[in-house]
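These notes concern the structure reproduced below.
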Amino acid sequence: MSLDEKNPAYHPESLPLPGDTRPAKSSSALKSFRKAILPIFLLTQAFYYFGLDETIGLTGRGDGGRGLDAVGAEADGGLCYQHEPLWPKTDFYKELDKVWKSDAFKDQAVEWLGGAVRVETESYDGMDEVGKDGRWHKFQKFHDYLEKSYPLVHKHLKLDKVNTYGLVFEWTGSDSSLKPLLLTGHQDVVPVEKSTYDAWIHPPFSGHYDGTYIWGRGSIDDKSGTIGIMSAVESLLRANKDYTPKRTIVLAFGMDEEVSGFKGAAHIAKYLEDTYTPKFGSSPFGLLVDEGGGYTKAYGKPIAALGTGEKGYGDVRMTVKTLGGHSSVPPDHTGIGLLSLLVAHLEANPHKANLTRSNPFYSTLTCAAEYAPDVNTVLRKLIKASAKSNKALGLLETFLDSRGEYRSLVKTTQAVDLIGGGIKVNALPETAFAVINHRINVASSTEELRQRITSIVEEKAKELNLTLSSFGKDVLTHSGVGHVELTEAFDKWLEPSPLTPTTKSTNGWKVLSGTIKGAYASRLKESDDDDEDDEIITSPSIMTGNTDTKYYWNLTDQIYRYNHLTEGDMYTYSGIHSVNEALKAVAFVNNVRFFGGLMLNVDSAEL
Ligand SMILES: [Zn+2]
């Protein structure tokens with residue numbers, strides 16, 4: 001979970017100071033790193049752990065009144081219903097797949113992705129508006145590259161540029177009554193720190209191909225997605241220049257996902273709502289696939305983990321204001337001392353775990369219990385029992401909460417990440433502050449977070465004889481030794497995302513998970529050490545970070561975060577957002593095949 005923190009190349013360059021409204025540079029990079037790879041990692045780790053653990057010490061809790069209606073998976077025929085593989089059966093497709101599997105196409109794919117890596121598209125925290133900040137101009141070079149590399153896409157699809165550098169392509173379908181498919185990704189990449197250049201095996205913007213891997217920043221995150229989608233369309237049109245999809249396909253690529261998407265996806269979302277809502281009503285898209293999870297072999301079974309929910313986000317600033325004075329006659333606690341006591345009280349009262357059956361991680365567990373042969377027997381029984389028994393669910397929750405690596409998936413986390421106060425060694429500090437970062441449980445909300453932190457701080461503030469105001473409201477008003485104030489820090493507060501429905505009858509889930517199964521079963525295998533098992537299980541999973549999809553909630557309830565990649569295809573585990581990001585060429589080709597197959601499959605699917 002903190003692999004990037006272990007990496008010496010990964011140090012925050014600057015911390016925000018009081019009054020600075022920008023989050024630390026490291027936080028967005030870290031968040032995106034986690035978002036991109038954590039679901040796979042956790043899945044693997046979960047199985048790893050569960051397989052080893054022969055004796056689960058379970059001291060359970062009561063029923064907790066959480067109800068049994070959240071998932072209804074049992075009623076759907078199993079804890080983790082699996083759809084049939086879905087792969088186009090047309091002659092057109094057969095010809096196309098021959099092309100995709102040819103050496104010539106692999107060479108072409110290497111050139112496409114490598115070329116895209118060579119066009120540096122770093123985004124930075126604190127970039128000013130497009131038009132004011134010259135650093136956005138580099139995206140024009142990327143657009144030029146796309147235009148040169150994908151002539152058929154530019155000839156056959158309608159292109160609109162949103163806020164100058166956001167890209168929206170429409171491939172207009174022949175049946176205008178069908179809700180479009182939306183495929184999204186981002187053009188920007190996390191900056192490479194100059195001091196780490198020497199640590200790269202091949203330079204970070206070389207796009208070098210060593211015969212196996214394509215090297216460089218963005219080769220995975222997220223040019224493998226953005227370029228993968230563009231390559232799929234171009235190759236469809238190369239195979240048949242008259243090909244027109246029945247269902248409209250829209251491609252949307254922001255240019256600042258790594259710094260929260262304020263200038264890119266936020267504008268694109270509005271454009272898409274304005275353009276497609278009049279035609280298709282609210283929720284105008286049938287299916288949305290953005291970057292996110294991937295697949296992995298875990299405890300005897302390949303499993304694809306599709307992000308179907310994201311935790312929420314909130315930074316709280318806690319400020320303690322006290323009278324200043326000379327340090328030679330101090331009170332029992334200075335402002336810094338009072339702040340420390342409040343921080344200690346918060347840490348003594350972590351958020352409680354709340355594992356609901358609608359939590360996507362719960363679905364990951366049930367899919368594992370159902371299909372992964374090497375999951376620990378006791379745990380498998382517990383997970384299966386928890387589908388119907390609240391007591392078993394409580395035991396499972398207790399177990400997960402007792403393990404640091406899973407705790408964050410079943411509760412709101414709090415982390416005091418910034419602190420400051422005092423200006424002179426012989427003067428009592430008049431102000432001291434801390435900022436507490438929260439990732440909000442999918443079963444909770446920003447409002448619940450505000451209420452809870454207020455009540456925890458209130459307990460201690462009373463004891464310390466402090467007045468308290470919390471998010472603009474006075475809570476404790478008697479006069480005291482000082483004042484504590486809770487406010488929203490930064491401008492990144494976010495509710496947990498809506499959870500994507502994935503029942504047996506959910507059409508988006510059916511076509512997407514069928515496509516993944518089809519793509520996996522027919523995948524291009526690189527060597528004979530490739531897994532013999534051609535069946536892959538598809539499972540919902542949770543994202544602990546946020547993608548551009550946070551702006552797209554109004555576009556459809558069928559939002560999935562997934563790239564058809566596996567960690568074994570990436571050069572090193574810490575490669576994303578760090579040194580030595582590299583992706584196997586064969587994996588990139590398989591990702592192109594996945595997107596191409598999806599474009600064809602949605603034509604004959606209901607959405
Ligand atoms: Zn990304």
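Along the sequence shown, residues are numbered consecutively beginning with 1. These numbers come from the heavy atoms of this one structure, side chains and all, not from hydrogens, waters or symmetry mates.
Between the side chains of Asn390 and Arg357, a donor-acceptor pair is found at a separation under 3.5 Å. A side-chain donor from one of Thr446 and Glu495 sits under 3.5 Å from a side-chain acceptor of the other. A donor-acceptor pair shorter than 3.5 Å cannot be found between the side chains of Thr308 and Thr500. Looking at Thr547 and Glu257, their side chains never bring a donor and an acceptor atom within 3.5 Å of each other. There is no side-chain donor-acceptor pair under 3.5 Å between Glu485 and Thr319. Between the side chains of Thr412 and Lys352, no donor-acceptor pair of N or O atoms lies under 3.5 Å. Checked by atom type, the side-chain pair Thr467/His483 shows a donor-acceptor distance below 3.5 Å. A side-chain N or O of Glu122 and one of Tyr124 form a donor-acceptor pair less than 3.5 Å apart. At a cut-off of 3.5 Å, with distance as the only test, a side-chain donor of Ser444 or Glu448 sits close to an acceptor on the other residue.
Ion pairing between a basic and an acidic side chain is recognised when a charged N comes within 4.0 Å of a carboxylate O; Arg407 and Asp401 show such pairing. Of the charged side-chain nitrogens involved, at least one lies within less than 4.0 Å of a carboxylate oxygen, so that Arg450 and Glu488 count as a salt-bridged pair. Of the charged side-chain nitrogens involved, at least one lies within less than 4.0 Å of a carboxylate oxygen, so that Glu463 and Lys460 count as a salt-bridged pair.
The aromatic rings of His351 and His438 sit perpendicular to each other, their planes meeting at more than 60°, with 30° as the lower class boundary. Using cut-offs of 30° and 60° for the angle between ring planes, the Tyr560 and Trp509 rings count as parallel.
Residues Val162 and Val168 come closest through the heavy atom pair CG2-CG2, 3.8 Å. Shortest non-hydrogen contact noted between Ser497 and Trp553 is CA-CZ2, 3.4 Å.
Counting only heavy atoms from C-beta outward, the side chains of Leu365 and Leu396 approach each other to under 4.5 Å.
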Let me see the working for Asn437 and Tyr313 under side-chain hydrogen bond (donor to acceptor under 3.5 Å, both in side chains), right down to the final yes or no. CA-CA 8 Å; Asn437 174 251; Tyr313 186 99; 3.2 Å; yes
How far apart are the C-alpha atoms of Thr366 and Lys384, what are their side-chain angles, what is the distance that settles it, and do they pass the side chain to side chain contact (heavy atoms under 4.5 Å, CB included) test? CA-CA 7 Å; Thr366 56; Lys384 289 193 171 191; over 6 Å; no
Salt bridge (charged side-chain N to carboxylate O under 4.0 Å, His left out) for Asp315 and Lys492? Distances and angles first, verdict last. CA-CA 8 Å; Asp315 294 313; Lys492 292 176 62 169; over 6 Å; no
Show the numbers, then the answer: is there a side-chain hydrogen bond (donor to acceptor under 3.5 Å, both in side chains) between Lys223 and Thr121? CA-CA 10 Å; Lys223 286 176 176 169; Thr121 55; 2.9 Å; yes
Where do Thr538 and Tyr295 land on the side-chain hydrogen bond (donor to acceptor under 3.5 Å, both in side chains) test, with the steps shown first? CA-CA 9 Å; Thr538 51; Tyr295 65 90; over 6 Å; no
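A side-chain hydrogen bond (donor to acceptor under 3.5 Å, both in side chains) with Asp290 is found for exactly one of Thr184, Asn563, Thr549, namely Thr184.
A donor-acceptor contact shorter than 3.5 Å links the side chain of Arg380 to the backbone of Ala369.
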